[in-house]
Q: 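So that we are looking at the same thing, I have put the structure below in structure tokens.
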Amino acid sequence: MPPAAVEALFARLSAALPEPQSELAYVNPYTLLVAVVLSAQATDKGVNKATKGLFAVADTPQKMVALGEDGVRAHIRTIGLFNSKAKNVIALSQALIEQHGGQVPAERAALEALPGVGRKTANVVLNLAFGQPTIAVDTHIFRVANRTGLAAGKTVRAVEDALERVVPERYRRHAHHWLILHGRYVCKARKPACDACPIADLCGWPGKPAAGV
């Protein structure tokens, strides 16, 4: 996608939603971290339903460890992979207490060293909790970036690196939110709503309907 088209794409998404917000519910950096860990292979809606009760009783690493693995499991049983996720939540909570004074670190390496935390999770936390211009590539962004021609890549990391190169700096902080929401509600996997797409004329997808059809 030519630079002028990239600029126009983000200008339109920005104008439509100047301050995009995560659809995950959280109250502090710690609960954000836990919510993102739980969101792997799960919907934000499903995670929010489970964490409403969990965060009401455990919104700090100390409270989570006191709740225990069985207690966490009881709250998140409706989420996929809940057994392994409960273990990771307790383990990362213990690591935060022992290594970071109970605080969520603002450094990528420290975040990725925590149990259950990978690059995508670290990117989300760095962006939402600490305002860093990171781009977390999920399935929606991977699809949108490749389908539109914005930032083609065969792997998640390749797409992330490509987006880092092409997204204008002034749009970088909110870029992944705009792309996630666009992929979730407009550029959907099975039936993209091309007729309602604000960037259809910029999109390079060969499968989109011809103009006027």
Side-chain angles (χ1 to χ4, degrees), residues 13 16-96 102-106 111-112 114-132 134-144 156 173-191 193:
L13 296 181
L17 192 63
E19 292 292 332
Q21 302 293 321
S22 171
E23 295 189 324
L24 282 173
Y26 62 96
V27 296
N28 55 34
Y30 171 70
T31 53
L32 169 64
L33 174 60
V34 172
V36 179
V37 167
L38 295 178
S39 72
Q41 299 182 46
T43 65
D44 288 358
K45 183 177 180 180
V47 172
N48 290 343
K49 184 176 180 180
T51 57
K52 183 177 181 180
L54 177 63
F55 294 159
V57 296
D59 58 359
T60 68
Q62 294 83 354
K63 291 178 182 177
M64 196 70 74
V65 170
L67 182 62
E69 190 176 314
D70 288 342
V72 173
R73 188 181 296 113
H75 282 283
I76 67 170
R77 196 173 294 276
T78 56
I79 300 176
L81 306 175
F82 68 90
N83 280 315
S84 60
K85 289 178 179 179
K87 290 180 180 179
N88 283 333
V89 167
I90 292 300
L92 74 83
S93 298
Q94 290 174 326
L96 288 174
Q103 301 300 307
V104 175
L111 283 168
E112 291 188 23
L114 296 170
V117 178
R119 185 176 181 85
K120 186 185 80 170
T121 295
N123 278 338
V124 173
V125 173
L126 291 171
N127 182 272
L128 286 176
F130 302 108
Q132 297 185 27
T134 54
I135 298 177
V137 178
D138 70 346
T139 55
H140 296 299
I141 292 183
F142 187 82
R143 178 177 64 256
V144 171
V156 167
R173 183 181 175 192
H174 294 315
H176 86 267
H177 283 117
W178 288 319
L179 295 175
I180 285 172
L181 294 172
H182 187 69
R184 185 172 290 166
Y185 298 111
V186 181
C187 194
K188 295 174 282 190
R190 295 185 180 180
K191 292 185 178 181

Q: Heavy atoms, side chains only, cut-off 4.5 Å: are Tyr30 and Asp59 in contact?
A: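 In short, these two side chains do not touch, never coming nearer than 4.5 Å.
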
Q: Shortest non-hydrogen contact from Ala42 to Lys85?
A: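 Heavy atoms only, the tightest pair is CB-NZ, 4.2 Å.
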
Q: Is the shortest side-chain heavy-atom distance between Asp138 and His176 below 4.5 Å?
A: no

Q: Could you tell me if the side chain of Leu111 sits less than 4.5 Å from the side chain of Val104, heavy atoms only?
A: yes

Q: Where the side chain of Asn123 meets the backbone of Thr134, is there a donor-acceptor pair that is under 3.5 Å apart?
A: no

Q: Mind checking whether Leu33 and Leu114 have side chains closer than 4.5 Å, heavy atoms only?
A: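 A side-chain contact exists here, since the closest heavy-atom pair is under 4.5 Å.
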
Q: What distance do Thr51 atom OG1 and Leu24 atom CG have between them, rounded to the nearest 0.5 Å?
A: 7.5 Å

Q: I need the minimum non-hydrogen distance between Val144 and Cys187, along with the two atoms involved.
A: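 For Val144 versus Cys187, the nearest heavy atoms are CG2-CB, 3.9 Å.
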
Q: Please report the closest heavy-atom contact between Leu128 and Ser22, naming both atoms and the distance.
A: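 Shortest heavy-atom contact: CD1-CB, 3.5 Å.
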
Q: What heavy-atom pair brings Ala35 and Val47 nearest, and what distance separates the two atoms?
A: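 Heavy atoms of Ala35 and Val47 come nearest at O-CG1, 3.8 Å.
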
Q: Please round to the nearest 0.5 Å and tell me the distance separating atom CE of Met64 and atom CG of Leu92.
A: 8.0 Å

Q: Which heavy atom in Ala50 sits nearest to a heavy atom in Ile79, and how many Å separate them?
A: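 Nearest pair, atom of Ala50 first, then Ile79: CB-CD1, 3.6 Å.
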
Q: Mind checking the CG-CD spacing from Leu126 to Glu112? Nearest 0.5 Å is all I need.
A: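 CD of Glu112 is found 8.5 Å from CG of Leu126.
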
Q: Mind checking whether Val36 and Ser39 have side chains closer than 4.5 Å, heavy atoms only?
A: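 Touching, per the 4.5 Å side-chain cut-off.
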
Q: Out of the candidates Arg73, Lys87, His75, only one should pair with Phe82 under the side chain to side chain contact (heavy atoms under 4.5 Å, CB included) rule; please name it.
A: Arg73

Q: Show your working on side-chain contact (heavy atoms from CB on, under 4.5 Å) between Leu54 and Leu67 and close with a plain yes or no.
A: CA-CA 9 Å; Leu54 177 63; Leu67 182 62; 3.6 Å; yes

Q: Any heavy-atom pair between the side chains of Lys188 and Arg190 that's under 4.5 Å?
A: no

Q: Among residues two or more places apart or on two chains, list those pairs meeting salt bridge (Lys or Arg N to Asp or Glu O under 4.0 Å) that have a residue in residues 40-52.
A: Asp44-Arg184

Q: Rounded to the nearest 0.5 Å, how far does CG of Asn88 lie from CG of Asn83?
A: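 Reported to 0.5 Å precision, the distance equals 11.0 Å.
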
Q: Using a 4.5 Å cut-off on heavy atoms from C-beta on, say whether the side chain of Asn127 contacts that of His177.
A: yes

Q: Give me the atom names and distance for the closest heavy-atom approach of Leu181 to Pro20.
A: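 Looks like CD1-CB, 4.3 Å.
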
Q: Which residues satisfy the side chain to side chain contact (heavy atoms under 4.5 Å, CB included) test with Ala106, sequence neighbours excluded?
A: Phe130, Gln132

Q: Please say whether more than 12 non-hydrogen atoms of neighbouring residues, nucleotides or ligands are located less than 6.0 Å from CD in Gln103.
A: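 Not more than 12 within 6.0 Å, no.
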
Q: Find out whether Val89 and Ile76 are in side-chain contact, i.e. whether some heavy atom of one side chain is under 4.5 Å from a heavy atom of the other.
A: no

